Amino acid sequence: MKNNRFHTVKILINFDKSNNQLPTVMNDYFSGINLSGHKEVTHLVQETIRQRGYIDSLLSELYNGRFEKIEYSLKNILRLGCYELIFRDHVPGYAVVDSLVSLTKEVVNAKASGVTNAVLHKVAEAGKPQIDELTENNSLTIISEITSHPVWMLERWIQQFGFERTLKLCRWNNALPNIMIRKNQKKIDKNSFEKFLNENGISWKLREEDSNFYEVNYLNRLLKTSAFKDGWFSVQDISGGLVCQLVNNIECETILDVCAAPGGKMTYLSEIIENSSLYAYDINEERIKLVEENIGRLGHQHIHVSQADAAKDEFPLADVILIDAPCTGTGVMSKRADLRWRRNESDFSEMQELQLAILSNMKNYLNQNGCLVYSTCSLEQEENKDVISSFLNSNSEFDVENIEPSLFPKQVISEDGFLITFPPEQSMDGIFASVLKRKS
């Protein structure tokens, strides 16, 4: 029987060889086996990839040769060993080395096992990356290695946020993600829900920004409960709830969510908004199925669901159109361990082009005095303020509707009337949202 390290290395190899997102790679792998250590393997895969920048820089120093040129199996065995020896302490170092030496013999060859043994013994003497010791005088290469983020990404963040805030963001991205769930207020009340959490041994913290959201531990345990199947709660970050509250404060009879998958925002709108017609769309057929599954589980059958391309298809007229636009996702990197390694600088202009195409198409389906609510989970100006500026320059019939500060925590509303969060400062995903109102 193969152990968890074997499966971890296999997934890491598959990720290296494919151009697919990590969740897709893992889902494909897990679908073919019955694995009791699913949770442990998932953790090892995600954290090894998250820390890959530091791991690869260290292994490049310790490996006698060109580390980047060695074959996938040995490379990922060494990466896994490096992660476990440096970032975990619940297994003795000698046991980690012995296990990975044996694994090398099994999946590579006996000769390569000597390399694993020698390199990992050197790794065991290395320490954790010390982000707190970095200063602005360090080179971007050193900062990149220690924070495990690409040089080009750090360069733009330092320019946009400053050095100290960039380090805060890197620490946030490198820590275990902050997990939240949203109580379905149509199915269970606050006291009963909190009793359920306590009875299941779940530590929880109620978010002040919205009393339907809870920070929790042991998410896997919660997802196995009948309460989840019965629609008592959903997995959703509070940042998504803020966007929904933004929509909730606009008087309307008809709401479209045109990039709706997997359905978190639309289902929450269904829970907090009364007497409005709700329509959910997405371009991807498979992701539309996720929307339908979530709607069914949560009991919101009155939401109309269809497949459509927000950039070019036709839609019914609406008072509010929510555009949770496709984006680079730099605000959710704590939850997407692979994202920092999959992005490149050209992605921002490509995303901006798509975002503007969606806005330009969807404005045609907005009623007089209606509002477009544009949001992303990106931290990048090209996808946020620049998109809004470009749209307004070409569409003089729209204005930015300043968000009422009294309705939200002061620190998330910018001086120019946008909803903006910065993950390490509000302990939530990074988002941007703007309300664009059609003039009378």
Side-chain angles (χ1 to χ4, degrees), residues 14-15 18-32 182 223 234-237 239-240 243-244 247 255-270 278-298 300-316 318 320-333 335-339 341-344 346-365 372-378 380 383 387 429 431-433:
N14 292 349
F15 175 71
S18 76
N19 291 317
N20 293 328
Q21 297 177 4
L22 182 57
T24 301
V25 174
M26 289 196 293
N27 288 339
D28 288 346
Y29 187 86
F30 289 139
S31 66
R182 185 192 84 228
L223 295 179
S234 295
V235 181
Q236 187 178 32
D237 190 82
S239 58
V243 175
C244 291
V247 175
I255 301 173
L256 309 186
D257 181 355
V258 296
C259 304
K265 291 183 177 65
M266 178 50 80
T267 53
Y268 190 36
L269 289 174
S270 176
L278 305 177
Y279 296 81
Y281 300 89
D282 200 87
I283 189 174
N284 187 291
E285 183 179 0
E286 289 301 312
R287 286 173 62 77
I288 277 291
K289 293 178 183 177
L290 287 177
V291 177
E292 292 172 333
E293 288 172 7
N294 280 321
I295 287 172
R297 183 178 62 82
L298 296 167
H300 302 321
Q301 303 296 347
H302 59 286
I303 300 173
H304 308 278
V305 182
S306 297
Q307 182 182 357
D309 183 347
K312 62 181 181 181
D313 287 340
E314 295 183 356
F315 292 81
V320 174
I321 300 177
L322 172 59
I323 301 171
D324 189 26
C327 68
T328 59
T330 56
V332 294
M333 282 188 168
K335 295 186 172 83
R336 294 282 306 280
D338 61 320
L339 202 54
W341 311 122
R342 290 175 50 79
R343 288 292 175 224
N344 58 66
S346 65
D347 291 341
F348 301 114
S349 57
E350 291 174 10
M351 285 295 183
Q352 185 186 81
E353 184 178 346
L354 174 59
Q355 291 152 357
L356 284 168
I358 292 173
L359 277 168
S360 296
N361 184 50
M362 294 315 305
K363 72 177 182 183
N364 299 315
Y365 305 102
L372 298 171
V373 177
Y374 174 84
S375 70
T376 74
C377 56
S378 170
E380 315 309 318
E383 301 179 84
V387 166
D429 291 344
I431 60 163
F432 171 91

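All of these numbers come straight from a predicted model, not from anything done at the bench. Every heavy atom of this structure was used, including side-chain atoms; hydrogens, water molecules and symmetry mates were not. Positions are given from 1 along the sequence.
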Interatomic distance, T330 atom OG1 to F348 atom CZ [nearest 0.5 angstrom]: 6.0 Å
Test item: D347 side-chain N/O and N344 main-chain N/O as donor-acceptor pair under 3.5 Å: yes
Heavy atoms of other groups near E314 CD, more than 12 under 6.0 Å: no
Qualifying residue, where the test is side chain to side chain contact (heavy atoms under 4.5 Å, CB included) with I323 and the options are V258, D257, V373: V258
Spacing of CD1 belonging to I283 relative to CD1 belonging to I358, to within rounding of 0.5 Å: 8.0 Å
Stepwise side chain to side chain contact (heavy atoms under 4.5 Å, CB included) check, L290 with N284: CA-CA 10 Å; L290 287 177; N284 187 291; over 6 Å; no
Pairing of E292 and K289 as salt bridge, 4.0 angstrom limit: no
Polar side-chain atom of R182 near backbone of G240 as donor-acceptor pair, under 3.5 Å: no
Over all atoms of both residues, closest heavy-atom pair of I431 and S239: CD1-O, 3.4 Å
Y281 and F315 aromatic ring geometry - parallel, tilted or perpendicular at 30°/60° bounds: perpendicular
H302 and H300 aromatic ring geometry - parallel, tilted or perpendicular at 30°/60° bounds: perpendicular
Main-chain N/O of P262 paired to N294 side chain as donor or acceptor, under 3.5 Å: yes
Heavy-atom pair with the smallest gap, counting every atom of C327 and R343: O-NH2, 3.5 Å
Minimum-distance pair of heavy atoms, taken over all atoms of D338 and F15: CB-CZ, 3.6 Å
Interatomic spacing from CG in L278 to OG in S270 - rounded to 0.5 Å: 5.5 Å
Heavy atoms from other residues, nucleotides or ligands near CG of N364 exceed 12 (cutoff 6.0 Å): yes
Donor-acceptor contact below 3.5 Å, side chain R287 vs main chain G263: no
Nearest-0.5 Å distance that lies between atom NZ in K335 and atom CG in D429: 3.5 Å
Under 3.5 Å donor-acceptor, D313 side chain and A308 backbone: no
Heavy-atom side-chain contact between C259 and P326 under 4.5 Å: yes
Shortest non-hydrogen separation from I255 to V247 and the atoms involved: CD1-CG1, 4.0 Å
Main-chain N/O of N20 paired with S18 side-chain donor or acceptor, under 3.5 Å: yes
Full working for side chain to side chain contact (heavy atoms under 4.5 Å, CB included) between D324 and V243: CA-CA 9 Å; D324 189 26; V243 175; 6.0 Å; no
From OG (S234) to CZ (R297), nearest 0.5 Å: 4.5 Å
Closest heavy-atom pair and its distance - L354, A311: CD1-CB, 4.3 Å
Nearest heavy-atom neighbours spanning T267 and G264: OG1-O, 3.0 Å
Interatomic distance, L256 atom CG to Y365 atom OH [nearest 0.5 angstrom]: 11.0 Å
Polar contact flag, side-chain donor to acceptor under 3.5 angstrom, E383-T328: yes
Polar side-chain atom of N27 near backbone of T24 as donor-acceptor pair, under 3.5 Å: no
Audit row: L322, L269, side chain to side chain contact (heavy atoms under 4.5 Å, CB included) steps and yes/no: CA-CA 11 Å; L322 172 59; L269 289 174; 4.3 Å; yes
